[in-house]
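Chain A is the first sequence line, chain B the second, and so forth, proteins listed ahead of strands; every chain is numbered from 1.
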Amino acid sequence: MVATKGGDRVSGMIVETEAYRGPEDRASHAYGGRRTRRTETMYGIGGTAYVYFVYGMYYQFNVVTAVPEVPHAVLIRALQPVEGVELMRACRPGRPDVSLANGPGKLCTALAIDRSLDRADLLGDRVWIERGDRPVSAASIARGSRIGIAYAGEWARKPWRFWLKGNPFVSRRDGMPRHVRAGRKAGGGA
DNA sequence: CAAGTGATTAGC
DNA sequence: CTAATCACTTGC
């Protein structure tokens, strides 16, 4: 994934994504055919960016993937920095390189992605996706449930989060629910 | 683990 | 109009 900042390339290898299948997917902003000023972007043609603002401070970058009127999208959740690392560090001062873009909000900050890129054509010159240097085998991709959508009932259990096995730049360690703390309910995993 | 932050949304 | 929610991150 590449963005331009003042003519310079800032890029990273996509190492984690999540799929959102509106309108039936309860976790999707387009659930039930919801169509508002914000979600309208997802009803556009595949190959455009869906960028929105959440939690009062973060942007999220998605790729619209289907035909017009079918609101499917893929959230880009983490990048392994490749080009313009200095520029990313400037956007996220004090962070170690491994944490520059290992989360959907973080990568938008690192690449300076904001609402102005909502509906951007990914064949344009502001943000786009290129084929990587090496092919990625299916065997190297892990899948699991999506994050931050507990409200979505049975849809929350769909294994629609994908990441590169063992890659240190994903937002969470492989499959693990984020750091099992001592002191919480003992037991747990079967 | 919990607060923070403000756009977006549903519901009057 | 108002109140609740949220596809997250950071620091205690």
Shared ILVMFWY cluster between A:Met88 and A:Ile113, side chains joined below 4.5 angstrom? yes
Determine, using the 4.5 Å side-chain heavy-atom cutoff (strictly less than), whether A:Val85 and A:Val127 are members of one ILVMFWY cluster.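 In one cluster: yes.
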Can you list, pair by pair, the side-chain donor-acceptor contacts under 3.5 Å of residues 44-59 of chain A, counting residues two or more places apart and other chains?
unit_1  : atom_1 : unit_2  : atom_2 : d
A:Thr48 : OG1    : A:Ile45 : O      : 3.2
A:Tyr50 : OH     : A:His29 : ND1    : 2.8

Give the residues of [range] touching DNA chain C, defined as any heavy atom closer than 4.0 Å, sorted by residue number.
{"range": "residues 95-111 of chain A", "value": "A:Arg95, A:Gly103, A:Pro104, A:Gly105, A:Lys106"}
{"range": "residues 20-27 of chain A", "value": "A:Tyr20, A:Ala27"}
{"range": "residues 71-81 of chain A", "value": "A:Leu75, A:Arg77"}

Test your reading of the model: is there a side-chain donor-acceptor pair from [X] to the backbone of [Y], 3.5 Å cut-off?
{"X": "A:Arg143", "Y": "A:Pro159", "value": "yes"}
{"X": "A:Tyr20", "Y": "A:Arg26", "value": "no"}
{"X": "A:Arg126", "Y": "A:Ser116", "value": "yes"}

Take atom [atom1] of [X] and atom [atom2] of [N], then tell me their distance rounded to the nearest Å.
{"X": "A:Ile147", "N": "C:dC6", "atom1": "CD1", "atom2": "P", "answer": "17 Å"}
{"X": "A:Arg92", "N": "C:dC8", "atom1": "CZ", "atom2": "P", "answer": "14 Å"}
{"X": "A:Met57", "N": "B:dG4", "atom1": "CE", "atom2": "P", "answer": "9 Å"}
{"X": "A:Arg172", "N": "C:dT10", "atom1": "CZ", "atom2": "C1'", "answer": "13 Å"}
{"X": "A:Ile149", "N": "C:dC8", "atom1": "CD1", "atom2": "C1'", "answer": "14 Å"}
{"X": "A:Ile113", "N": "C:dA7", "atom1": "CD1", "atom2": "P", "answer": "18 Å"}
{"X": "A:Tyr55", "N": "C:dA4", "atom1": "OH", "atom2": "P", "answer": "17 Å"}

Output every pair passing salt bridge (charged side-chain N to carboxylate O under 4.0 Å, His left out) with a member in [range], not counting sequence neighbours, ordered by first then second residue.
{"range": "residues 81-104 of chain A", "value": "A:Arg9-A:Glu83, A:Glu86-A:Arg89, A:Arg89-A:Asp97"}
{"range": "residues 104-123 of chain A", "value": "none"}
{"range": "residues 57-66 of chain A", "value": "none"}

Rounded distance [0.5 Å steps], OG1 in A:Thr17 versus CD1 in A:Ile76: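 Rounded to the nearest 0.5 Å, the OG1-CD1 separation comes to 6.0 Å.
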Answer with base, sugar-phosphate or nothing: what part of the nucleic acid does A:Glu18 contact at a heavy-atom distance below 4.0 Å?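 Answer is nothing: A:Glu18 stays at 4.0 Å or more from every strand.
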List in chain and number order the residues that pass side-chain hydrogen bond (donor to acceptor under 3.5 Å, both in side chains) with A:Glu69, two or more places apart in sequence or in another chain; answer none if no residue qualifies.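 Expected list: A:Arg35.
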How would you list, by chain and number, every residue that makes a side-chain hydrogen bond (donor to acceptor under 3.5 Å, both in side chains) with A:His72, sequence neighbours excluded?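 With neighbours one apart ignored, the set is empty.
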Taking protein heavy atoms under 4.0 Å as touching, what does nucleotides 7-12 of chain B look like 5' to 3' if B marks base contact, S marks sugar-phosphate-only contact and - marks none? SSSS--
Contact check, side chains of A:Ser171 and A:Arg161, non-hydrogen atoms, under 4.5 Å: yes
At their closest point, which heavy atom of A:Phe169 faces which heavy atom of A:Ala78, and how far apart are they? O-CB, 3.4 Å
Under 3.5 Å donor-acceptor pairs involving side-chain atoms of residues 1-8 of chain A, not counting sequence neighbours:
unit_1 : atom_1 : unit_2   : atom_2 : d
A:Thr4 : OG1    : A:Asp125 : O      : 2.9

Show the numbers, then the answer: is there a salt bridge (charged side-chain N to carboxylate O under 4.0 Å, His left out) between A:Glu18 and A:Arg146? CA-CA 7 Å; A:Glu18 281 178 0; A:Arg146 294 172 292 176; 5.5 Å; no
Side-chain N or O of A:Tyr58 less than 4.0 angstrom from OP1 or OP2 on B:dG4? no
The dot-bracket string of DNA chain B, counting Watson-Crick and G-U wobble pairs with both distances under 3.5 Å, using [ ] for crossing pairs and | for pairs to another strand, is ||||.||||||.
